[in-house]
Amino acid sequence: MQLDIFEHSHDVALRNDVVNALQQRDVSSARNALQILLRENPGDDIAPALSILLETLEKPLPSHFADHDALRDAYREMYEGICPAARRVFGDAASNTWLRAVWKHLAQAAEPLPLRRADADIHAAQLWLHAQDWTAAQHAIKGIESWQRIPETLAWMIEAQYRQQGLDAIWPLLAELAWLSPPRLDALVRHLTDKSLTALRRIFDVEFEGFGSVDDLAWFPAWVLIEKPALASFLATTQQSTQTPPERAMRLILNLLHLERGGRHHEMMACRKALQDVNRALFSVYMKTRT
């Protein structure tokens with residue numbers, strides 16, 4: 001038993017030599033340590049992941065991508081190979097730190113490529129988000145024509161602003177994304193893992209009598225105003241968007257809140273009737289809070 005413990009400890013020490021060198025980005029030391037590990041314990045289960053990370057450091061990264069296909073290939077390699085290997089070796093938090101430099105280099109190499117609608121899910125801005133450089137991400141997004149009307153780029157901007165300024169700052173853009181693409185909003189809410197936003201989403205799913213699909217989220221901004229009237233000052237700055245019923249509903253509720261504060265009863269009744277015509281389920285939620 002003592003011999004087994006000694007051998008195990010020796011293997012761990014050899015493995016840690018590789019991990020420490022990789023963390024320091026010391027290619028020469030990592031290569032030598034990995035060779036020793038493979039010679040003495042060729043079946044080490046973490047060796048493949050260590051080899052991937054060493055290859056990442058050894059292989060010169062591109063100064064620029066020739067085209068979108070090259071960018072997508074590099075992105076796929078990151079997601080399918082390098083990122084899982086980093087998590088296996090370093091764990092979730094430390095892997096994000098280690099990967100940041102790689103994402104930054106790839107983002108810089110992708111900067112000259114414009115957004116291509118056929119590949120709207122991949123762009124330098126998204127790589128900057130992975131690198132956690134929120135300012136660079138916003139700069140890249142603002143260089144995209146009509147970024148506020150494209151679900152992917154709008155979601156990227158929301159994340160970049162959220163990471164810098166918090167939830168209050170992103171409510172106007174969240175509303176626009178809800179009207180533009182409810183599925184994209186659904187994915188973003190899950191990705192941000194903001195406790196307050198997640199809690200509101202859960203209450204919405206219970207209270208709002210829609211069709212029970214993700215498309216119900218188009219009504220989320222209007223519902224939020226009923227649940228949290230204090231958000232009116234933020235949502236009032238939302239830009240004109242699709243002019244769909246969910247957008248009209250939110251603007252009607254904004255108007256109702258204004259009329260209620262002013263005690264303008266006659267105008268308030270007309271506005272309530274307009275809200276009822278747009279969505280009876282939303283009107284019902286609103287009236288419950290007024291009785």
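These numbers come from a predicted model, not from an experiment.
A donor-acceptor contact shorter than 3.5 Å is absent between the side chain of T198 and the backbone of K195. A side-chain donor-acceptor contact under 3.5 Å links H105 to the backbone of P62. Although no hydrogens or angles enter the test, the distance criterion places no donor-acceptor pair under 3.5 Å between the side chain of N41 and the main chain of L37. The backbone N or O of T242 sits less than 3.5 Å from a side-chain atom of E247, completing a donor-acceptor pair. Under the 3.5 Å distance criterion, the side-chain polar atoms of R25 are matched with a main-chain donor or acceptor of W98. The backbone N or O of R149 lies less than 3.5 Å from no partner atom in the side chain of S146, so there is not a single donor-acceptor pair. Side-chain N or O atoms of E176 include one that pairs as donor or acceptor with a backbone N or O of Q239 at under 3.5 Å. No donor-acceptor pair under 3.5 Å is formed between the side chain of Q108 and the backbone N or O of S63.
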Residue pair Q164, Q138: steps toward the side-chain hydrogen bond (donor to acceptor under 3.5 Å, both in side chains) verdict
CA-CA 11 Å; Q164 287 186 309; Q138 290 185 68; 2.3 Å; yes
Hey, mind stepping through Y75 and H68 against ring pair (Phe, Tyr, Trp, His ring centres under 6.0 Å) and telling me if it holds?
CA-CA 10 Å; Y75 189 78; H68 290 83; over 10 Å; no
Dump the intermediate steps for side-chain hydrogen bond (donor to acceptor under 3.5 Å, both in side chains) on W156 and Q161, then the final yes or no.
CA-CA 9 Å; W156 296 341; Q161 290 192 3; over 6 Å; no
Would you sort out whether M268 and L256 count as a side-chain contact (heavy atoms from CB on, under 4.5 Å), showing the intermediate values?
CA-CA 6 Å; M268 189 169 60; L256 276 168; 3.7 Å; yes
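A salt bridge links D186 with R201; the closest basic N to acidic carboxylate O contact falls under 4.0 Å. One finds a salt bridge joining D121 and R72 here, because a Lys/Arg side-chain nitrogen approaches an Asp/Glu carboxylate oxygen to under 4.0 Å. The existence of a salt bridge linking R202 and D205 is excluded, since no basic side-chain nitrogen approaches an acidic carboxylate oxygen closer than 4.0 Å. We find that E260 and R290 are joined by a salt bridge, their nearest charged nitrogen and carboxylate oxygen being less than 4.0 Å apart. Using a 4.0 Å cut-off between a side-chain N of Lys or Arg and a carboxylate O of Asp or Glu, D133 and K104 do not qualify as a salt bridge. Ion pair K273/D277 flagged as a salt bridge, since at least one NZ, NE, NH1 or NH2 atom sits closer than 4.0 Å to an Asp/Glu carboxylate oxygen. Between R31 and E58 a salt bridge is recorded (basic side-chain N to carboxylate O distance below 4.0 Å).
Evaluation of the side-chain contact (heavy atoms from CB on, under 4.5 Å) rule for T237 yields P172 as partners, not counting sequence neighbours.
Taking the ring centroids of H191 and Y162, they lie at or beyond the 6.0 Å cut-off.
H123 and E152 are not linked by any side-chain donor-acceptor pair at a separation below 3.5 angstrom, with hydrogens and angles left out of the test.
If you chain together hydrophobic residues whose side chains sit under 4.5 Å apart, V189 and V214 fall into the same group. Hydrophobic cluster membership differs between W128 and I170, with clusters built from Ile, Leu, Val, Met, Phe, Trp and Tyr side chains linked at under 4.5 angstrom.
Aromatic ring pairs are classed by plane angle as parallel below 30°, tilted from 30° to 60° and perpendicular above 60°; the pair F220 and F204 is perpendicular.
For the pairing with L185, the side chain to side chain contact (heavy atoms under 4.5 Å, CB included) check across I158, L154, L177, L180 returns one residue only, L177.
Dense packing is recorded around CD of Q243, with more than 12 heavy atoms of other residues, nucleotides or ligands lying under 6.0 Å away.
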